[in-house]
Structure formats: structure tokens, C-alpha cells
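Structure record follows, encoded as C-alpha cells.
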Amino acid sequence: MANNEDLFKKIISHAKEYGFVFQSSEIYDGLSAVYDYGQNGAELKNNIKEYWWKSMVRYHENIVGIDSAIFMHPTIWKASGHVDAFNDPMIDNKDSKKRYRADVLVEEFIAKTEDKIAKEVEKAVKRFGDAFDETQYRATNPRVLEYQAKIDNAKGRLYGGLEKNDLADIKKLIEDLEIVCPISGSRNWTEVRQFNLMFSTQMGSVSEDANTIYLRPETAQGIFVNFLNVMKTGRMKIPFGIAQIGKAFRNEIVARQFIFRMREFEQMEMQFFVKPGTELKWFEAWKQERLNWHLSLGIPAKYYRFHDHEKLAHYANAASDIEFDFPIGFKELEGIHSRTDFDLSAHQKFSGKKITYFDPELNESYVPYVVETSIGLDRTFLAMMSFAYTEERLEDGSERVVMKLPPILAPVKAAVLPLVAKDGLPEKGREIMDVLKYDFNCQYEEKDSIGKRYRRQDAIGTPYCITVDHQTLEDGTVTIRERDTMKQERIDISLISNIINERLKVKR
Ligand code: ATP
């Protein structure tokens with residue numbers, strides 16, 4: 001889809017116009033990087049959650065789900081490393097007064113340089129045709145080598161600087177690479193500073209009793225600290241997983257990409273506990289399983305790619321992202337991480353409680369290893385909106401915007417539309433609605449021309465429109481119109497449920 005700002009803007013305004021996503025506190029001029037979900041957005045979001053929950057918790061007999069509190073004992077965030085190290089390096093441009101993530105500025109430089117290499121290769125393919133040997137070209141072409149050296153140098157200094165917390169060198173790197181502020185165009189930068197992303201607040205009404213607590217920056221820790229509870233009460237045997245959906249909060253430095261990067265967002269996470277030594281096998285298995293989940297929604301494979309991490313967090317021994325081709329380019333949608341025994345061991349140490357599993361086959365106890373799958377609910381929402389948004393020119397010359405959402409996720413599954421609001425058609429429509437509404441989220445509409453009502457349903461992604469006309473009163477048939485093909489068929493009222501149900505089945 002490549003970088004397509006216009007399309008992104010259109011999706012954002014469509015999301016607002018049709019009740020999917022609103023800026024938080026809009027009548028007070030908004031709150032930056034915080035969003036509210038409207039009547040259609042809330043349905044879409046709930047459907048995504050339900051689809052994830054069912055595929056993770058219900059279809060896997062060895063995964064159970066919990067719902068832990070947002071507030072937790074502050075020492076948890078000490079143990080997890082978030083108090084000391086959940087930082088992003090930030091830098092301000094003195095002219096535009098805009099704040100950036102220093103690492104992102106360098107990563108964007110790297111991405112641009114990689115694009116330049118790709119362009120050189122593309123030109124060479126055209127020039128040399130069939131005789132072209134890309135590996136050799138990349139290894140010998142002076143211009144490509146020069147770009148590659150710049151990339152290697154930038155990566156080495158950035159990752160080295162982050163690891164050693166050498167913020168002065170990261171600033172120097174930004175200067176050496178001659179990176180300019182996209183707003184002011186200047187290179188007038190402040191020093192680089194670390195910025196902790198956790199929101200804190202006080203618990204307790206008297207300030208002397210006050211205890212600093214944090215709004216959780218991830219849901220995972222709520223799972224780790226409940227490991228023993230769930231293992232014992234659920235009589236769980238390794239390998240097993242614990243899943244959870246819930247809010248997370250991060251004081252993101254740069255938050256200018258609609259619901260892609262929010263300060264309050266929702267995660268769907270699953271921690272899978274395994275025998276030490278088997279974690280890489282499970283890591284591979286979960287990578288594949290999660291990709292299959294995305295594909296099962298019927299979205300073409302070209303929208304997804306893996307990005308294996310070169311630089312691993314200190315606790316991980318493998319990590320990969322599933323990236324989605326958003327209108328702003330390929331970006332992270334989900335992370336799959338092999339977290340070793342880092343979290344459980346840390347909680348064991350900080351809490352002083354033994355956190356082990358007794359393996360009856362080995363006749364010994366160990367701290368389990370963990371493979372995590374962590375997906376952003378809001379980013380999945382945005383991925384679905386970006387994929388679905390389609391502008392079409394119809395045969396009669398008119399245009400429509402249709403949201404080709406996977407039917408199982410569509411906010412409204414069917415709209416019941418009496419052709420005219422008289423002659424007993426509304427009553428018949430209500431009768432049909434009253435049967436369907438217990439199984440599906442349906443809408444009943446009788447205002448405006450039938451064409452206008454179809455367009456409104458297309459714009460929110462309703463897979464079926466059911467039209468009640470005079471013939472319905474005579475022979476008990478309706479027309480059913482399919483969203484994507486706009487084909488209409490006459491069917492018996494008794495078949496409506498089956499047709500909708502058929503469409504909601506997913507490929508597994
Ligand atoms: P990024 O590199 O984009 O900041 P991350 O690697 O910090 O993301 P994780 O900590 O792995 O993200 O969180 C797991 C998932 O949670 C991400 O894949 C993403 O979908 C979602 N997520 C993380 N931060 C945000 C945010 N600020 N707004 C919306 N979703 C988010």
C-alpha cells in the first residue's frame with residue numbers, strides 16, 4: 001500500500017463521520033493521542049476481541065483467560081524492569097519546538113537509505129534484464145556499498161548508544177547524519193534525554209500514606225503475577241497459556257498517528273509457559289499460529305510480513321513482529337517474544353515467593369520459560385479499517401465508499417429495509433428484525449430512498465441488506481443484497497439466518 005497520507009486522512013475522517021472513532025474530549029479541543037470509540041467502532045472493537053478470545057482461549061484447550069486489575073503493587077514494575085528501563089530517548093527541535101524520539105529519527109534515516117538502495121537495484125534490474133545478479137550487484141556496486149556502510153554505521157552507533165545509555169553519542173549521530181526536523185527544516189537540536197513512559201499516580205488519601213503506583217504499561221505482568229494462582233486452581237499442566245485483554249497506558253513521546261500510537265490503548269496478550277529448552281520450538285509454532293489467525297480473517301497474505309528482531313531486549317532470546325501494510329507503510333501490529341524465565345524469576349526474587357512448576361515427567365521443579373504473543377487491539381482495528389476502506393465507481397457513474405470489513409468483524413451484520421414506509425411494509429420489516437436481532441447485530445431503517453440507505457450500510461461495512469417490498473407481503477420472500485458484489489437475490493424469509501451465518505464462518 002506504500003506510504004499514502006491522503007488515504008490515511010480519508011480513513012480518519014470516514015472513521016469519524018460514521019461513528020467509528022472520535023477524538024477524546026473533542027468539545028474541549030481534544031486530548032492528544034487519546035481516542036473514543038463510537039457506536040460502530042465499539043461494535044467492531046468488541047468483535048475483534050471476541051474473535052481473538054475465541055481463537056486463543058476457546059479453541060486451545062490448554063489456554064485460559066483472566067482479567068487482572070490495571071493497578072498493581074509498584075514493586076511489580078521494579079521487578080519487570082519498567083521503572084528503571086521503560087524509557088524512550090527524546091530530543092526536541094529548538095526551532096519548531098517539536099519533540100521526537102531520537103531512535104525513531106535515526107531509524108527513519110536508515111529506512112530512507114534502504115529505499116535508496118532498493119531504487120538502485122530496481123534501476124539495475126531494468127538495465128541488465130535477465131543477466132542481472134542481485135547478490136553480486138549488492139556486494140560490488142560502489143553507490144550501494146556506500147549506502148550500506150552508512151546504514152551499518154548508523155545502526156551500530158544507535159544500538160550501541162542505547163545499550164550503553166550514551167545519549168551524547170546519539171545526539172552526535174543525529175548531527176553527523178545531518179538529520180533535519182521535518183517541520184522547521186533545521187538541525188538545531190536539544191540534548192537527548194531519557195523519558196520514562198509510565199504514568200504514575202498516588203494511592204491513598206493522605207499524602208504521607210501516599211504510595212506511587214503506575215497505570216500498567218502492558219497487561220503481561222498481570223498474567224505473570226497470577227501464574228501460581230491459575231496453575232494451581234486450574235490444575236494446569238505445562239505447556240499452557242494464560243490470555244488477557246485489557247487497557248495499557250504509555251506516555252508516548254510522539255503520538256501523531258491516529259490510533260496507531262495512543263497513550264491509552266488496549267492489548268490482547270497471551271503468555272505461554274513451557275519447559276526450558278523447548279521455547280524456540282514454541283516460538284516458531286506461535287509465530288505461524290498467529291499469522292494464520294490474521295489470514296483466517298480473509299485478508300490477503302501480502303498485507304502481512306514478519307520482522308525478526310536483530311537487537312533483542314535483555315530478557316529475550318528470540319523476537320519477531322508481525323507487521324501490517326498500513327497506509328503509513330509496514331508497521332508493527334503484533335509482537336511474538338521468547339521471554340525466557342526473565343519475568344517469573346524476577347518476581348520470584350522481588351516477592352520472595354517460590355514460582356516454580358513441578359514437572360511430573362521429569363520429577364523436578366523448574367521456573368517455566370515463556371513465549372508471549374502480544375497484539376494491539378487498536379492497531380488491529382486500524383488495520384481492518386485500512387484494508388476495508390474502498391472507493392468504487394459504479395456502472396451508472398456514481399461513486400460509493402464501501403468498508404469491506406471481514407463479515408465476522410462488521411459492526412452490523414444485516415440491515416432490514418422496508419422499500420417504502422407504508423402499506424404494511426414497516427410492520428413486516430419489524431417482524432423480520434425481531435427474529436434476527438437475537439442472533440445478529442441488525443439495524444432497521446425506513447428513512448430516505450433505498451439507494452441512500454444502501455450507501456449508508458456500505459459505509460459501515462454491513463454485509464447484507466434485506467429489503468421488504470410488496471411481494472414480501474404476498475409470498476414471504478425478500479431481496480437480500482450482498483455488500484461487495486451488490487448482487488440482489490430473492491429468497492424466502494426463512495433462509496435469511498442461514499445465509500448470514502454461512503458468511504460469518506471463518507477459514508481455519
Ligand atoms: P512500538 O515499537 O510500536 O512502540 P512496542 O514494540 O513497544 O511497539 P509492545 O510493547 O511489543 O510494543 O506491545 C505489543 C503491542 O501493543 C504492539 O505490537 C502494538 O500493537 C500495541 N501497542 C504498543 N504501544 C501502543 C500504543 N502506544 N498505541 C497503540 N498500540 C500500541
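Read the numbers this way: they start at 1 and go in the same order the structure lists the ligands and their atoms. Just so it is clear, the model here is predicted, and its values are computed rather than measured.
- A salt bridge links Glu392 to Lys404: one of the charged nitrogens lies within less than 4.0 Å of a carboxylate oxygen.
- Judged by distance alone, with hydrogens and angles left aside, the side-chain atoms of Asn441 form a donor-acceptor pair with the main-chain N or O of Pro411 at under 3.5 Å.
- Under a 4.0 Å N-O distance rule, the pair Glu323/Lys331 does not qualify as a salt bridge.
- Counted by atom type alone, Gln244 and Ser68 present one or more donor-acceptor pairs between their side chains at under 3.5 Å.
- In this structure, Glu218 falls outside the shell of residues with a heavy atom less than 4.0 angstrom from ligand 1.
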Under 3.5 Å, which donor-acceptor pairs do the side chains of residues 7-22 form with other protein atoms, sequence neighbours left out?
unit_1: Lys10; atom_1: NZ; unit_2: Glu391; atom_2: OE1; d: 3.3
unit_1: Lys10; atom_1: NZ; unit_2: Glu391; atom_2: OE2; d: 3.0
unit_1: Ser13; atom_1: OG; unit_2: Lys9; atom_2: O; d: 3.3
unit_1: Ser13; atom_1: OG; unit_2: Lys10; atom_2: O; d: 3.2
unit_1: His14; atom_1: NE2; unit_2: Ala459; atom_2: O; d: 2.8
unit_1: Lys16; atom_1: NZ; unit_2: Glu26; atom_2: OE2; d: 3.3

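- What sits closest to atom 29 (C) of ligand 1 on the protein, heavy atoms only, is Phe260 O, 3.3 Å.
- Distances from atom 15 (C) of ligand 1 to the heavy atoms of Ala383, Ser374, Ala248, Gly335 put Ser374 nearest.
- By the 3.5 Å distance cut-off applied to N or O atoms, Met262 is counted among the residues near ligand 1.
- Scanning the protein for heavy atoms near atom 4 (O) of ligand 1, the closest one is Arg261 NH1, 2.8 Å.
- Closest to atom 22 (N) of ligand 1, if we only count protein heavy atoms, is Phe265 CE1, 3.4 Å.
- Looking at atom 21 (C) of ligand 1, its nearest protein heavy atom turns out to be Gly376 CA, 3.7 Å.
- Close contacts of ligand 1 with Glu334, meaning ligand atoms under 4.0 Å from a residue heavy atom, involve 18 (O).
- Taking 4.0 Å as the cut-off, Leu333 counts as a neighbour of ligand 1 on heavy-atom distance.
- In this structure, Asp169 pairs ionically with Arg157, as a charged nitrogen and a carboxylate oxygen lie closer than 4.0 Å.
- Residues Ser386 and Tyr303 bring no donor and acceptor atom of their side chains to less than 3.5 Å of each other.
- From the protein, the heavy atom lying nearest to atom 2 (O) of ligand 1 is Glu332 OE1, 3.7 Å.
- Protein heavy atom in closest approach to atom 10 (O) of ligand 1: Arg250 NH2, 2.9 Å.
- Residue contacts with ligand 1 include His337, since one of its heavy atoms falls under 4.0 Å from the ligand.
- Each of Asp308, Thr373, Asn292 was scored for a side chain to side chain donor-acceptor pair (under 3.5 Å) with Lys287, with one residue passing: Asp308.
- Judged purely by atom type and a 3.5 angstrom limit, Asp166 has no side-chain atom pairing as donor or acceptor with the backbone of Gly161.
- In this structure, of Arg379, Glu252, Gln267, the residue bringing a heavy atom nearest to atom 27 (N) of ligand 1 is Glu252.
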